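This report concerns only the one structure given below.
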Amino acid sequence: MEIVDRAPTSGEHARLRAIAGMSGVPAGATPAGLAASWFAVTARTPEGRVVGMGRLVGDGALFLQVVDVAVEPEHQGRGVGSRLLERLLQHVDRCAPDAYVSLVAEPPGQALYRRFGFVDVAPSLGMKRVR
């Protein structure tokens, strides 16, 4: 498995989010969103098939958010997610070491993020805008 410093294509992004059980995102906004990634990585098989992804979004200095960490179910439990997250955080440490790095962790990913030093932000609370 190779970790490549490249954002997924719109199709790869949609496929990985769907098969990883993540919510859908507006297809029309996906190309612009992916292009605006501060940094992104994909996991590829030796045949070149993308089986995982992860992105960082933000201003590149003060605030960054880990998003879209997803791995195909048949490749989960093999360290792919760890390698993706490790590469994202290496980039932060090198290029934006003072940035506040946050994420919203669904229950299946919480143990992974804790292994990389992420902690709950209580008494703060993650929130979203519902439209």
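We number each residue from 1, following the sequence as shown. Nothing here was measured: the structure is a model prediction, and the numbers come from that model.
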Please lay out, stage by stage, how Val104 and Gln65 fare under the test side chain to side chain contact (heavy atoms under 4.5 Å, CB included).
-> CA-CA 9 Å; Val104 175; Gln65 186 173 25; 4.1 Å; yes
Arg6 and Thr9: side chain to side chain contact (heavy atoms under 4.5 Å, CB included), yes or no, with the steps?
-> CA-CA 9 Å; Arg6 178 185 73 74; Thr9 65; 4.0 Å; yes
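In this structure, CG on Asp93 lies 10.5 Å from CG on Asp98, to the nearest 0.5 angstrom. To the nearest 0.5 Å, atoms CD (Gln90) and CZ (Arg83) are separated by 10.5 Å. Atoms CG and CG, on Leu103 and Leu85 in that order, are 8.0 Å from each other to the nearest 0.5 Å. The line from CE of Met1 to NE2 of His75 is 5.0 Å long, rounded to the nearest 0.5 Å. Within the model, atoms CG of Asp68 and CG of Leu34 stand 7.0 Å from one another, a figure rounded to the nearest 0.5 Å. Between the CG atom in Leu64 and the CZ atom in Arg55 there is a gap of 12.5 Å [rounded to 0.5 Å].
Cluster membership for Met53 and Trp38, using ILVMFWY side-chain heavy atoms within less than 4.5 angstrom, is not shared. Cluster annotation: Leu112 and Leu56 are assigned to the same hydrophobic cluster (Ile/Leu/Val/Met/Phe/Trp/Tyr, side-chain heavy-atom contacts under 4.5 Å, transitive). Residue Val57 is not grouped with residue Val41 when hydrophobic side chains (ILVMFWY) are merged at heavy-atom distances under 4.5 angstrom, including chains of intermediate members. Residues Phe116 and Leu88 are members of one and the same hydrophobic cluster, defined by side-chain heavy-atom contacts under 4.5 angstrom among Ile, Leu, Val, Met, Phe, Trp and Tyr. Note on Leu16: it does not cluster hydrophobically with Ile3, by side-chain heavy-atom contacts below 4.5 Å among ILVMFWY residues.
The aromatic rings of Phe118 and Tyr113 lie perpendicular to each other, with more than 60° between the two planes, well past the 30° mark.
Nearest heavy-atom pair across Ala40 and Ala7 is CB-CA, 3.5 Å. The minimum heavy-atom distance linking Arg87 with Asp5 is given by the pair NH2-OD2, 2.7 Å. Closest of all the heavy-atom pairs between Ser10 and Pro31 is OG-CG, 3.5 Å. For the pair Ile19 and Pro73, the tightest heavy-atom approach, listed with the atom from each and the gap, is O-CG, 3.3 Å.
Remark: side-chain polar atoms of Arg115 are not paired, donor with acceptor, to backbone N or O of Ser82 under 3.5 angstrom. One N or O on the side chain of Arg15 and one on the backbone of Val50 form a donor-acceptor pair closer than 3.5 Å. The backbone N or O of Ala105 lies less than 3.5 Å from a partner atom in the side chain of Gln110, making a donor-acceptor pair.
Side-chain contact between Arg114 and Asp120 is present, with heavy atoms from C-beta onward closer than 4.5 Å. You'll find the side chain of Arg17 reaches within 4.5 Å of the side chain of Ser23, heavy atoms only.
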